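Everything numeric in this text was worked out from a predicted model, so none of it was measured.
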Amino acid sequence: MKKNCSFLVVMTLIFMFSNKIVAQDNNNWVAPEYANKIKNPFIGNGSATADGKRIFGQMCVLCHGLKGEGNGEAGLSLEKKPANFLALKVVNETDGAIFWKITHGKAPMATYEELLTEDQRWKLVNYIRELEINKKKSKK
């Protein structure tokens with residue numbers, strides 16, 4: 001219970017102050033070249049993807065929305081909108097680049113290096129990829 005309260009306090013503070021921070025320009029946010037070479041240790045791991053979905057629901061949905069389209073309720077108040085994970089810019093990024101962005105953040109997105117373990121961040125990458133697959137399936 002104490003862990004959940006701490007999480008809620010951290011997330012509330014992030015949202016309260018995030019619109020006062022210089023917002024990121026999602027169109028120009030590029031991970032460093034070396035990030036593209038970082039390999040996803042959980043690629044193709046369904047259990048890791050399911051864990052990523054749970055983490056996404058706890059940590060990301062408020063800004064990025066249920067389907068990862070950048071339209072979450074908390075994100076609506078931000079000057080620069082959260083990334084739409086279904087946009088080609090994100091779809092075309094490597095897993096390593098997405099992992100790097102989750103790890104390091106860029107205002108108003110928080111850095112998750114200390115809030116989530118390395119495995120949890122990779123599991124989020126898996127789930128973000130799953131969102132892309134689900135979008136393609138729904139178009140058929």
Give the minimum heavy-atom separation between [X] and [Y], together with the two atoms involved.
X: Thr94; Y: Ala35; value: OG1-O, 4.1 Å
X: Ile98; Y: Glu93; value: CG1-OE1, 3.7 Å
X: Gly68; Y: Phe56; value: CA-CZ, 4.0 Å
X: Ala74; Y: Cys63; value: CB-SG, 4.1 Å

Legend entry - Candidate pair Lys80 and Leu78, rule side-chain contact (heavy atoms from CB on, under 4.5 Å), full reasoning: CA-CA 5 Å; Lys80 294 288 183 178; Leu78 298 173; 5.8 Å; no
I need the [X] [atom1] to [Y] [atom2] distance, nearest 0.5 Å.
X: Gln58; Y: Leu115; atom1: CD; atom2: CG; result: 12.0 Å
X: Cys60; Y: Ile128; atom1: SG; atom2: CD1; result: 6.5 Å
X: Asp95; Y: Asn126; atom1: CG; atom2: CG; result: 7.0 Å
X: Asn84; Y: Leu131; atom1: CG; atom2: CG; result: 10.0 Å

Inset, instruction - Would you check, one step at a time, whether the test side-chain contact (heavy atoms from CB on, under 4.5 Å) holds for Glu69 with Phe85? - result: CA-CA 6 Å; Glu69 297 172 315; Phe85 297 136; over 6 Å; no
Inset, instruction - Identify which one of Tyr127, Phe42, Phe99 satisfies the ring-ring contact (aromatic ring centres under 6.0 Å, His included) criterion when paired with Trp122. - result: Phe99
Do [X] and [Y] come within less than 4.5 Å of each other through their side chains, counting heavy atoms only?
X: Gln120; Y: Leu124; result: no
X: Trp29; Y: Met109; result: yes
X: Tyr112; Y: Met59; result: yes

Legend entry - side-chain contact (heavy atoms from CB on, under 4.5 Å) between Glu118 and Arg121, worked out: CA-CA 5 Å; Glu118 184 173 329; Arg121 294 183 309 241; 3.5 Å; yes
Inset, instruction - Take Lys123 and Thr49 through the test side-chain contact (heavy atoms from CB on, under 4.5 Å) and record every step on the way to the result. - result: CA-CA 6 Å; Lys123 290 172 181 182; Thr49 302; over 6 Å; no
When hydrophobic residues are tied together by side-chain contacts of less than 4.5 Å, even through go-betweens, does [X] share a cluster with [Y]?
X: Ile133; Y: Leu88; answer: no
X: Ile102; Y: Val91; answer: no
X: Ile38; Y: Val125; answer: yes

Inset, instruction - Look only at the side chain of Thr111 and the backbone of Thr103, and say whether a donor-acceptor pair between them is shorter than 3.5 Å. - result: yes
Legend entry - Ile43 atom CD1, neighbour heavy-atom count above 12 within 6.0 Å: no
